J.: 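Below you'll find the structure I mean.
Only heavy atoms go into these numbers, but all of them, side chains included; no hydrogens, no water, no symmetry mates. Reminder, nothing fancy here: chain letters follow the sequence lines and each chain counts from 1. Everything numeric in this text was worked out from a predicted model, so none of it was measured.
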Amino acid sequence: MRPENYEARKHPPSNEFELNFGPNHPGIEGNYAFKVKLNGDEVLEAKADAGYLHRGFEKLMEGRLWIQNIALVPRICVPDPVPMEVCYSLAIEEIAGLEVPERAQWIRVMQLEMSRLAAHLFAFGGHAATCGMYTTMFWGVADRDLILDRFEELTGGRVYSIYNIPGGVRRDVPTGFLERLGSLLDYLESRLPDYDNLFFTNQIFIRRARDVGVMSQEQALKWGVTGPNLRATGLAFDVRRDDPYLVYDQIDFDIPTEPGGDCLSRNLVRRSELLQSIRILRQVIERLPSIKGPIRCPIPNPLAWNVPVGESYPRVESSKGELAYYVVSNGGDKPYRVHVRGPSSMHAVQVLEKLAVGSRLEDIAQIMFSLDACPPEVDR
Amino acid sequence: MTQELNVWLDKILGDIENVKIERKRSNRLRVDVDARALPAVLELLQGRASYVHLSAISCVDRIDDDEFELVYHVWSYEARSLVSAHTRIPRDPGVYLSIYDLYVPAAFFERDIHEMFGVYFEGSPDMGKFILTEWDGPPPMRKDFDSEKFVNETFNREQYHPQWLKDLEKEGGGITTPAEDARK
């Protein structure tokens, strides 16, 4: 061998080792995995490994009627299913040129905010569990259950409501529902000081979460971060205000931001958004009784409905960020193509891979929960 | 601000050849552009018109035209408007340029489209398998891929209805309706 051709044999450095984090792991949301390369406890490299929840929704939707897909879409994100139904319905309404009655739009806003409350309670409850504070998680799940009770009363389903259809909603609000929702909101608001004491001002949480998983606003914009995670870097952007859909332009609410861009900031933004959602819901309770009229516009026989040729790309602010559906119709009774742009398709893959590098092994779970990543949105 | 920017946008897009602009709503713009000019259009949109957020890249299999339609949805935080840039590439060989150098999120969407439609993006950082790790069939989102036919050809129904289950059914247990009848 000539000396210029000599190349030393490469061994992996003996201080590095690989660890499979997930797919079955209490620190992972859903079935999702990470291949991490470690030096001691420090993460050198993280690679997302998705696919454990792939059910082929986009392909399934191409083989089902427009209306049948309503039962399919909420399954794409379990903790926050309502935006999925609403966004898909918005897409069809735009293509078919349907005019949704005002009352239905207010009912949709009500559901979206109820779903956001439930999802946020779940999200920071889950985050607390990754810091070893299980009480917050139990409280969060218990309080979320009360919201699910209201969903059950309104729609018949606790988790998947399958209540929004193209053109409006399926049923009107039951008698006395708004009063019960109002008292639930009072209860949730009265719980917030307890949550503050237990979690948000708790030094165990603050010292764990501060300066962990930090991203600057510039990085967040570059990486395609949306929703509460973007607002936690100080940018007051919300699809509800800046690209309004339904009746959000008639509703008064603030967009909470935090400057830090770390796990702590992301949770504090969610905490402030709970208050904003309660505020929006109170406005709905006040306005809804005065809005009379139908709850859906007439649609053709849904079993033989040929939606006209067209395409649309509506965007909705889900609890996790920007959710969008790209729906294409070729004039048939089934969608020609549906593409789901879940917010977590960014957060759970590229953003998490980048934020994990340099952090410690025990913080990966915390970063994932603080991003509120939802793996089924990645796999679809 | 918004109005001014939109007018200006129409002007700079008008300078590029073969661009068809359609204003769908006040803040929704559809741009049909030639595949060769698309990266330039996106660069203009990002660099000079503040469309910094790549919302999604969607792929549609236009099998009747033997083409793939790629749709790039970009959003501007300043102008508060969304531009959907449509382009078509031939289905065979199905190769296109990556826009990873312009938009970092493109890596995820391009990898996804590569996996589901078999479109190869030159310059994308990772075209490896992601969601369909153990899949070696054709790209499943293509229109010529029939899931039901694939299942019938690939999987042996006998495996799902083995002898021991048949014996159990004779005694009145197990799944009493044969799978074929249940599907009708």
J.: Is it the case that atom NZ in B:Lys166 sees more than 12 heavy atoms from other parts of the structure closer than 6.0 Å?
T.: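 Result for NZ/B:Lys166: enclosed.
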J.: Is it the backbone or the side chain of A:Leu230 that comes under 4.5 Å from a heavy atom of chain B, or both, or neither?
T.: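 Only the side chain of A:Leu230 comes within 4.5 Å of chain B.
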J.: Any side-chain heavy atom of B:Val104 within less than 4.5 Å of one from A:Lys354?
T.: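 Yes, at least one pair of side-chain atoms sits under 4.5 Å.
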J.: For B:Phe109, is it the side chain, the backbone, both, or neither that has a heavy atom closer than 4.5 Å to a heavy atom of chain A?
T.: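 The side chain, not the backbone.
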J.: Tell me, yes or no, whether the heavy-atom count around B:Arg36 atom CZ, taken from other residues, nucleotides or ligands under 6.0 Å, exceeds 12.
T.: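 No, because the 6.0 Å sphere around CZ of B:Arg36 holds 12 heavy atoms or fewer from other groups.
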J.: Which of residues 130-143 of chain B have a heavy atom under 4.5 Å from any heavy atom of chain A?
T.: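 Interface residues of residues 130-143 of chain B: B:Phe130, B:Ile131, B:Leu132, B:Thr133, B:Pro140, B:Met141, B:Arg142, B:Lys143.
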J.: If you count every heavy atom of other residues, nucleotides or ligands that lies below 6.0 Å from A:Glu218 atom CD, does the total exceed 12?
T.: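 Not buried by this count: 12 neighbours or fewer within 6.0 Å.
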J.: Can you see which heavy atom on B:Ser58 is nearest to which on A:His339, and at what distance?
T.: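 For B:Ser58 versus A:His339, the nearest heavy atoms are OG-ND1, 2.8 Å.
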J.: How long is the span from the OG atom in B:Ser55 to the CD atom in A:Glu322, to the nearest 0.5 Å?
T.: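 That separation rounds to 3.5 Å.
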J.: Where does A:Tyr52 contact chain B at under 4.5 Å (heavy atoms): side chain, backbone, both or neither?
T.: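 Contact with chain B: none, neither part.
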J.: Measuring heavy-atom distances to chain B, does A:Val378 have an atom under 4.5 Å in its side chain, in its backbone, in both, or in neither?
T.: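 Both parts, heavy atoms under 4.5 Å.
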J.: Are the side chain of A:Lys222 and the backbone N or O of B:His53 linked by a donor-acceptor pair below 3.5 Å?
T.: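 No; judged by distance alone, with no hydrogens or angles, the pair does not exist.
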J.: For A:Gln350 and B:Pro105, work out which heavy atoms get closest and say how close.
T.: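 Reported closest heavy-atom pair: OE1-CA, 3.7 Å.
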J.: With a 4.5 angstrom heavy-atom cut-off, could you sort out which part of A:Glu311 is near chain B: side chain, backbone, both or neither?
T.: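 Contact with chain B is through both the backbone and side chain of A:Glu311.
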J.: Considering heavy atoms only, which positions within residues 62-75 of chain B lie below 4.5 Å of chain A?
T.: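 B:Arg62, B:Ile63, B:Val71, B:His73, B:Trp75, listed by number.
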J.: Mind ranking B:Val52, B:Leu54, B:Asp126, B:Asp61 by heavy-atom pairs under 4.5 Å with chain A and telling me who comes out on top?
T.: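 The residue among B:Val52, B:Leu54, B:Asp126, B:Asp61 with the greatest pair count is B:Asp61.
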J.: Which bit of B:Leu82 is near chain A, if near means a heavy-atom gap under 4.5 Å: side chain, backbone, both or neither?
T.: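 Only the side chain of B:Leu82 comes within 4.5 Å of chain A.
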J.: With sequence neighbours left out, write down each residue that passes salt bridge (charged side-chain N to carboxylate O under 4.0 Å, His left out) with A:Arg380, or none if nothing qualifies.
T.: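 Residues passing salt bridge (charged side-chain N to carboxylate O under 4.0 Å, His left out) with A:Arg380: A:Glu58, B:Asp112.
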J.: With a 4.5 angstrom heavy-atom cut-off, could you sort out which part of A:Tyr313 is near chain B: side chain, backbone, both or neither?
T.: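 Contact with chain B: backbone and side chain both.
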J.: Report the distance from atom OH of A:Tyr326 to atom SG of B:Cys59, rounding to the nearest 0.5 Å.
T.: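 Rounded to the nearest 0.5 Å, the OH-SG separation comes to 10.0 Å.
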J.: Which residues in residues 239-257 of chain A have any heavy atom lying under 4.5 Å from a heavy atom of chain B?
T.: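 Residues in range: A:Arg241, A:Asp242, A:Asp243.
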